[in-house]
Amino acid sequence: MEPKKQDTASALKDIISHAKEYGFVFPSSEIYDGLQAVYDYGQNGVELKNNLKNVWYKAMTMLNDNVVGLDAAIFMHPLTWKASGHVDSFNDPMIDNKDSKKRYRADTLLEERAAALEDEGKATEAKALMQAMAKGLDAGDLEAVRQLIIDQNIKCPVSGTANWTEVRQFNLMFSTQVGAVSEDASLIYLRPETAQGIFVNFLNVQKTGRMKVPFGIAQIGKAFRNEIVARNFIFRMREFEQMEMQFFVRPGTEMEWYNTWKETRMKFHQAIGLPADSLKFHDHDKLAHYANAAVDIEYKFPFGFKEMEGIHSRTDFDLKAHQELSKKKQQYFDPEINQNYIPYVVETSVGADRLFLAILCNAYTEETTGEGETLKQRVYLNIHPALAPTKVAVLPLVKKDGLAEKAQEITNQLKFAFNTTYDDGGAIGKRYTRQDLIGTPYCVVVDYQTMEDQTVTVRDRNTMTQERISIADLKEKLGYAVSMERIFEKLV
Ligand code: ATP
């Protein structure tokens with residue numbers, strides 16, 4: 001029987017509890033009842049996330065001669081965020097219900113209303129509502145946005161009333177102060193994106209690395225956004241990680257590079273195991289002020305197709321803004337055409353946590369095999385072997401007659417090459433189940449035959465088939481099967 005994939009909204013609940021129960025993701029500071037939209041990665045989660053970050057970083061830097069890395073600080077000079085436009089316009093419109101004291105995004109309330117109208121077959125009304133909202137937001141007319149909420153008689157789902165405050169713009173940046181003495185301290189921000197750390201280091205890297213345009217800078221790091229409404233588990237968090245690459249190109253060639261990176265990034269997601277029919281491009285209907293082309297790669301989460309990665313052609317907006325505010329030239333001399341210019345930028349930006357969630361959703365498999373008395377149900381995580389937290393579990397069939405010692409010896413041989421664990425606790429079936437639940441692709445079993453001919457059985461997580469192979473071949477065979485090389489081979 002084919003493995004059964006869950007794709008209903010309730011599947012998210014199963015995934016969240018699986019993630020918690022098996023050490024992937026815990027709510028932050030749970031003993032104090034948690035902190036909304038903040039999560040911690042457990043012993044298996046950190047391995048999976050590190051593997052994802054590694055494969056992304058290596059796919060960027062190792063496979064592309066002209067892409068190098070960077071690790072910029074989270075804190076940056078406050079003017080950075082003035083130049084980037086975040087101080088003035090990184091806002092969401094919010095509204096509070098006076099009775100329930102609950103806060104909402106005004107645009108989300110109206111979008112949900114429009115979706116409901118559409119469901120009722122009132123598409124024209126829905127469209128008109130969205131147009132009126134866009135007009136109000138573009139003009140900064142927040143009273144008009146509030147009036148739409150009133151006119152539509154939108155009620156707070158908690159209090160059931162339409163007793164709304166005015167609509168206010170809410171800046172999503174977290175701020176704090178640097179400096180020991182409060183009077184002298186100055187306001188600084190926790191970065192809301194990692195990209196600006198790349199822009200302000202563009203010339204440092206270009207000059208010290210003798211980089212020639214086109215070239216890229218790739219960086220992984222934390223970003224912080226004070227999201228008004230955080231939902232859908234690790235999909236929308238207040239502290240999250242981004243994997244961003246800014247690719248600097250000669251003006252006029254940006255669309256070519258934009259299309260190249262679009263395809264490259266789509267290929268990447270498929271190479272790490274996300275099925276093609278769960279991924280799609282979604283062109284932005286409305287471009288940000290800095291972009292001349294933008295597309296999202298969406299993944300089919302249990303709550304619908306949603307953005308996982310953004311690919312943006314950002315023109316010279318950022319470098320130009322930094323040049324203006326810092327008064328430092330951000331130009332590149334192109335020896336091929338004998339000209340100075342500010343390069344254009346094509347950005348690829350993917351959330352490590354959203355990618356993690358996509359991998360987890362795709363991997364979570366409930367399977368039923370056999371029928372009648374042989375009917376068996378199991379849950380396993382179908383994670384690409386190169387990404388799996390543990391690659392191999394070595395299991396002695398029984399603890400006596402030297403089998404345990406032999407299994408320990410094999411574990412010690414393999415653990416220098418990849419994550420290997422030893423487990424002798426309980427019946428062999430239970431031990432297989434434990435590994436299936438955390439996505440371990442291979443279980444090596446040491447049995448009595450091992451003691452005679454130095455062979456072991458290797459059980460495959462997905463097919464549950466077993467193959468007998470010589471201990472001497474284990475490291476090489478399994479090493480390749482769990483290597484990132486298998487992903488990279490699909491990318492060239
Ligand atoms: P959204 O529309 O979902 O808020 P965005 O368009 O603001 O996302 P970008 O600014 O383009 O997102 O950020 C690039 C990537 O960073 C996103 O594609 C997403 O994977 C990730 N990301 C952004 N905000 C969050 C968040 N609050 N929690 C987790 N990941 C996030």
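Atoms within a ligand are numbered from 1 in the order they appear, just like the ligands themselves.
The nearest non-hydrogen atom to atom 25 (C) of ligand 1, considering only Phe90, Phe240, Phe224, comes from Phe240. Here atom 13 (O) of ligand 1 lies nearest to Gln242 when heavy atoms of Glu193, Gln242, Glu298 are compared.
For atom 6 (O) of ligand 1, the nearest protein heavy atom (residue, atom name, distance) is Glu307 OE1, 3.2 Å. At the shortest separation from atom 21 (C) of ligand 1 among protein heavy atoms lies Gly351 CA, 3.8 Å. In this structure, the protein non-hydrogen atom closest to atom 14 (C) of ligand 1 is Ser349 OG, 3.0 Å. Shortest contact from atom 29 (C) of ligand 1 to any protein heavy atom: Phe235 O, 3.2 Å. Of the protein's non-hydrogen atoms, Arg225 NH1, 3.5 Å is the one closest to atom 23 (C) of ligand 1. For atom 28 (N) of ligand 1, the closest non-hydrogen atom on the protein side is Met237 N, 2.9 Å. Regarding atom 19 (C) of ligand 1, its nearest protein heavy-atom neighbour is Arg354 NH1, 3.5 Å. In terms of protein heavy atoms, atom 20 (O) of ligand 1 is closest to Met308 O, 2.8 Å.
Side-chain atoms of Asn201 do not come within 3.5 Å of backbone N or O of Asn204 as any donor-acceptor pair.
Under the 4.0 angstrom criterion for non-hydrogen atoms, His312 is in contact with ligand 1.
Salt bridge absent: Glu307 and Arg236 never bring a charged side-chain N and a carboxylate O closer than 4.0 Å. Using a cut-off of 4.0 Å between Lys/Arg side-chain N and Asp/Glu carboxylate O, Arg168 and Asp96 are scored as salt-bridged. Look at Glu309 and Arg354 and you find no salt bridge, because none of the NZ, NE, NH1 or NH2 atoms lies under 4.0 Å from a carboxylate O.
Asp65 CG: 12 or fewer foreign heavy atoms inside a 6.0 Å radius. Heavy atoms from other residues, nucleotides or ligands lying under 6.0 Å from NZ of Lys20 number 12 at most. A 6.0 Å sphere centred on CG of Asp283 holds more than 12 heavy atoms belonging to other residues, nucleotides or ligands.
Under 4.0 angstrom from ligand 1, the non-hydrogen atoms of Glu227 all belong to its side chain. Residue contacts with ligand 1 for Glu309 involve N, CA, C or O but no side-chain atom from C-beta outward (heavy atoms, distance under 4.0 Å). With a heavy-atom cut-off of 4.0 Å, Arg236 touches ligand 1 through backbone and side chain alike.
Between Arg461 and Asn382, the side chains place a donor N or O and an acceptor N or O closer than 3.5 Å (distance only, hydrogens not considered).
Between Phe235 and Phe233, the ring center distance fails the sub-6.0 Å criterion.
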